[in-house]
Amino acid sequence: MCGIFGIVTNNQEISVGKVVFDGIKRLEYRGYDSCGIVSLCNSKLYVKKEAGKIDEIYKNVKLDEVPDGTKLALAHTRWATHGTPTKQNSHPHLDCLNKIAVVHNGIIDNFMELRNELSSTGHTFNSDTDTEVIPHLIEDFMKKGFNLKVATINALKKCKGAYAIAVCQVDNPDTIIVARKESPLIIGIEEGKTTYCSSDIPAFLPLTRKCYIMEDNELAVLKAGEVNFFDLKNDNELIKKKIQNIEWNIDAAEKGGYEHFMLKEIYEEPNALRLTMKISEQLLSKFANALLSADNIYITAAGTSYHAALAGKFIITRFLGKHIQDIECSEFETQLKGSLQNNSVIIAISQSGETIDTIEAIRWAKKAKSVKILTITNVVGSSITRYSDHVIVTNAGPEIGVAATKTYSTQVLALALIAVSIAKIRKIISDEDIIKYYDALTGIPNIIDKFLEKNVDLIKYIVNNLEKNMNYFFLARGISIATAKEGGLKLKEVACRFIEGYSAASAKHGPISLVREGFPIIFIAPPDETYNRLVGNVMEFKSRGGRIISVVVESDVKITKLSDITIRIPQPADKYHNLFSPITFMPALQLLAYYAALAHDLDPDKPLNLSKTVTVH
Ligand code: F6R
């Protein structure tokens, strides 16, 4: 949550205002409660900041206009944690003398203590944020004669919590100091010319492909086209880091003609899945063998990734012959304290690789027992990978839309590939069946392509038909409960509707009492072993006046007859395809959520109160 961006350059050709503005705009998915930019010129800091989304702010405050000759600027886009989303609480935050500016992503847990201490020695605060203690601490250490770098190190020593910070100070007009602990920070570099710092790679990708990924407890001194790294845990020793060359194409991080990232990313699913199919056999069998030799297996994640975990758990257990316990990452330690055993394996899923609850769950488990962590993430080098024994990277490409779409499908695909790898190793199904499962997986991108080609008008029609409804059920049985929960979450987050994604069987034990004439119920109904019982559930809801919208395969007859509207997925009705329906059925529900958001005049890329990367507990 929160995005930070900075630039220091000696390149006269560069418009620093435009670069820093474009950079922070690309990070807006991380938070859009407020935005601020500070530029340093002629020994003065120029701050522009305001509450709201960047485009709204820009109407009144031209954030990209900085004084002529500016060579250094920092920017911040905020997802509020401490202090309401107001101009005052927006970053950057300054010291008492307006000489030091700080932008920060993370949380300083002991800020109250520090603030009281600083206030008692005469510091004045202008915001309610935790961040504001940092410039004041640096100010104190500089007053004591330390230079900017050492003053920042000393200030950070006093801070408990998580941070990625960037600092500038008027007497050091060619230097940005950055540091990282538990919040992501990447340094982009055009050697000899320009250095960038950013919360993620796509923000500077149009400018350079060369970067360094900072690790926890590292501090860096950035000058134009030059960077030095220091190890805060080891006497602030100078360290050598490996430069990385980013292969992504910047088009992947831009809208490319689509109105929103969410729509673009739904349409990218087939290709993302094709690329994810290329995960090496060797890596898959590492995952498979680890699961086969484990005494206990857990799968953990948050939000959409947790729904992918539910679907994946179902697929894997089909072939594994062992139980997998799913636990939301925020509950992991609480629920397993006292019962986690050695020789357990934990599958952790996080598209960003930065969700703090997921990282803390595995960190705790590693500390508590001898366990193996198998991670599925979409971001190479993300924090979670540091605590993992084996890592699958899903190859979905950058996902900017706050609502996860293509990363969900590729996570489920990765889990399905592990499942088939297990089946192969265990030889529990025939070679012919293995081939059929692989063929079904390979065919998924074409099924989704075909669906997207023909069904947009139908989805828009359904959205118009349901427009006035505020409440919905998404119901299913078996593996499709995960689909119902994820489809419901999408509609909830982008279209601000209340949705219960639930088991169709359990719904009659309570939720059914909400059903009145016209109440919309979306049934997820692939023709698997639960189908006939689901027919019964559809009748229960229909007879009480429910409006039935069902998602079925093309050849479906029974549930189609009971439904007011059907969404038909162009896939064969066999057991091979049914097992992977969480992937093939999902784009329909993602599109439904997308068009519902538009119908309600909401921006699907920026759902209310959300952030793409949740780095707070
Ligand atoms: C919903 C969504 C969130 C994330 C959750 C976990 O569309 O994106 O629910 O799935 O915050 O994020 P990651 O996967 O980055 O750990």
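Keep in mind that the numbers below use all heavy atoms, side chains included, and drop hydrogens, waters and symmetry copies. Counting starts at 1 for both ligands and their atoms, following the listed order. Fair warning: this is a prediction, and the values are worked out from it, not measured in the lab.
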Criterion side chain to side chain donor-acceptor pair (under 3.5 Å) on N378 and T407, from CA distance to verdict: CA-CA 7 Å; N378 191 41; T407 55; 5.9 Å; no
Derivation and outcome, side chain to side chain donor-acceptor pair (under 3.5 Å), residues T355 and T358: CA-CA 6 Å; T355 298; T358 314; 4.6 Å; no
Determine whether the aromatic ring centres of [X] and [Y] lie less than 6.0 Å apart.
| X | Y | answer |
| --- | --- | --- |
| H307 | Y408 | no |
| Y267 | Y258 | yes |
| F519 | F473 | yes |

Residue contacts for ligand 1, heavy atom to ligand atom, distance under 4.0 Å: A302, G303, T304, S305, S350, Q351, S352, T355, V402, A403, A404, K490, E493, V614
Test: D605 and K264 ion pair at under 4.0 Å: no
